[in-house]
Amino acid sequence: MEKTKIILDCDPGHDDAVAVMLAGKSPAIDLLGITVVAGNQTLEKTVRNALNVTAWLDIDVPVYAGCGQPMIREKMVAGDIHGESGLDGPVFPPLEKKAEPMHAVEFIIRTLMASDGDITMVTTGPMTNLAMAMRMEPRIVEKIRRIVLMGGSYTNGNVTPAAEFNIIADADAAYVCFTSGRPVTMVGLDVTRKVLCYPEIVERMAKVGNKASQLFVDLMAHFCKTQKEIFGWAGGPLHDPVTVACLIDPAVLTTKPMNAQVDIRSTSSYGRTNCDYFGYMGLPATADVAVDIDVEKFWDIVEQGLRNYD
Ligand code: RIB
Ligand code: CA
């Protein structure tokens, strides 16, 4: 099986951590590096969380610290969901792994420039690092095979009625990425809200009985609790791993080409991904927008992802 080369840009974050776990040992993924951005929590905390997860699971992949704030707007975090640490719940041993000295944006630029154009950029947090890399070195744009992002929705948001967190947290960065001209797969709330991590799913993953499954259980104990308290979900929507799952098995996701535009001009709808589902405007498609997910297949991919740590 030919591996898909990816750089995973994330803001761990409980669901980001599961995305890292899926990518970390998958025979289908060549994880070149993990770049971290401020989002669910401050950069110092999201970097620490990425280091803890990769160190604990022996994922021998370098971690790079990136941008600590959005390109233009004021910083926002999601401590209400992910906790003060950004990864409340699991307890890790003393951390020895360090982030690389190179800035994440520099790593993205150098890696893409040295590539044959075969690297997929996977983003599961605000898109600041990727957008800044595009602005610092425009020649990387044509080197990006595809951008697969968790973000947005063609229905409603989760921070405002209009906007989803990863987009509204840096809508300008998302705008830069969506207008880059590169192929985009937008994995929005429309499908991630279909993969709710119910108690029976947690029980299923606990039976895998290894370090990864225990970490999954500990992560979900906090994540599902706060999602229920805030949104009333009976299980936490496991947003970010869907981006990796669809690279492991593309059949898990159904997408529809749409003209998708990030709103950076309005007030009440700032950060909305305006997706022209029916093609009213007759404009060219700018993204492959996820419209459905094979839930059973997704959980099979997650379970196998945990079993890769046996
Ligand atoms: O809206 C959900 C997204 O925002 C997920 O990526 C979650 O980790 C947060 O970053
Ligand atoms: Ca995230």
Side-chain angles (χ1 to χ4, degrees), residues 6-23 34-43 45-50 53 63 66-70 73 75-83 85-90 104 121-130 147-171 173-174 177 185-197 216 219-220 222-224 226-227 230-231 233 235-246 262 270-273 289-290 293:
I6 74 168
I7 293 173
L8 176 57
D9 190 78
C10 54
D11 63 335
H14 292 70
D15 51 334
D16 303 77
V18 179
V20 169
M21 290 160 71
L22 291 195
I34 295 172
T35 52
V36 186
V37 67
N40 284 320
Q41 261 300 348
T42 61
L43 180 68
K45 296 176 179 178
T46 54
V47 169
R48 180 175 183 79
N49 295 334
V53 170
V63 172
C67 296
Q69 59 188 16
R73 63 154 294 152
K75 179 165 59 179
M76 63 188 297
V77 296
D80 56 341
I81 292 177
H82 299 276
S85 72
L87 209 67
D88 281 15
M121 285 300 307
V122 179
T123 66
T124 62
M127 304 177 83
T128 317
N129 286 338
L130 181 53
I147 300 168
V148 180
L149 71 123
M150 193 280 139
S153 86
Y154 61 85
T155 52
N156 55 9
N158 62 356
V159 175
T160 68
E164 176 278 331
F165 178 84
N166 286 339
I167 306 298
I168 196 172
D170 195 343
C177 295
T185 298
M186 185 185 109
V187 178
L189 296 173
D190 319 284
V191 300
T192 65
R193 283 171 166 163
K194 293 184 177 181
V195 286
L196 300 179
C197 191
F216 182 91
L219 286 165
M220 291 303 104
H222 175 88
F223 183 65
C224 297
T226 57
Q227 290 281 353
I230 296 168
F231 296 101
W233 299 119
L238 214 46
H239 306 291
D240 295 336
V242 178
T243 59
V244 178
C246 75
V262 178
Y270 173 83
R272 177 169 176 72
T273 48
V289 178
I293 186 167

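Start at 1 and go down the list; that is how both ligands and their atoms are numbered.
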Part of [X] with heavy atoms under 4.0 Å of ligand 1, whether side chain, backbone, both or neither:
X    : result
D240 : side chain
D11  : side chain
I81  : neither
N158 : side chain

Output yes when a side-chain donor or acceptor of [X] lies under 3.5 Å from a complementary backbone atom of [Y], and no otherwise.
X    : Y   : result
D11  : T46 : no
T128 : P70 : no
D16  : C10 : no

Please list, in number order, the atoms of ligand 1 under 4.0 Å from a heavy atom of [X].
X    : answer
H239 : 2 (C)
M150 : 2 (C), 3 (C), 5 (C), 6 (O)
T124 : 6 (O), 10 (O)
D16  : 8 (O)

**Item:** Nitrogen or oxygen atoms of E164 and ligand 1 under 3.5 Å apart
**Value:**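 Yes.
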
**Prompt:** Of D170, V262, I147, N166, which is the lone residue that meets side-chain contact (heavy atoms from CB on, under 4.5 Å) with M127?
**Reply:**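 Of the listed residues D170, V262, I147, N166, the side-chain contact (heavy atoms from CB on, under 4.5 Å) partner of M127 is I147.
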
**Among Q69, K75, M76, side-chain contact (heavy atoms from CB on, under 4.5 Å) partner for R73** =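 Output: one option passes, namely M76.
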
Which pair of non-hydrogen atoms, one from [X] and one from [Y], has the smallest distance, and what is that distance?
X    : Y    : answer
I81  : H222 : O-NE2, 3.0 Å
C224 : C197 : SG-O, 3.5 Å
P90  : L219 : CG-CD2, 3.6 Å

**Donor + acceptor pair across side chains of T35, N129 (<3.5 Å)** =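 Note: T35 and N129 side chains miss the donor-acceptor criterion.
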
Give me the nearest non-hydrogen protein atom to [atom] as residue plus atom name, then the distance to 0.1 Å.
atom                    : result
atom 9 (C) of ligand 1  : N40 OD1, 3.1 Å
atom 7 (C) of ligand 1  : D15 OD2, 3.3 Å
atom 10 (O) of ligand 1 : N166 OD1, 2.9 Å

**Prompt:** Angle class for the H14/F223 ring planes (parallel below 30°, perpendicular above 60°, tilted otherwise)?
**Reply:**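 The arrangement is parallel - the two ring planes meet at less than 30°.
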
**Prompt:** In Å and rounded to the nearest 0.5 Å, what is the OG1 to CG distance from T123 to D9?
**Reply:**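 So the gap between those two atoms works out to 6.5 Å.
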
**Message:** Are N158 and R193 packed together at the side-chain level, in the sense that at least one heavy-atom pair is separated by less than 4.5 angstrom?
**Reply:**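 Side-chain contact under 4.5 Å: yes.
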
**Request:** Check the Ca ion (ligand 2) and write out every protein N, O or S atom at under 3.0 Å, as residue and atom.
**Result:**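 Hits for the Ca ion (ligand 2) below 3.0 Å: D11 OD1, D16 OD1, D16 OD2, T124 O, D240 OD2.
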
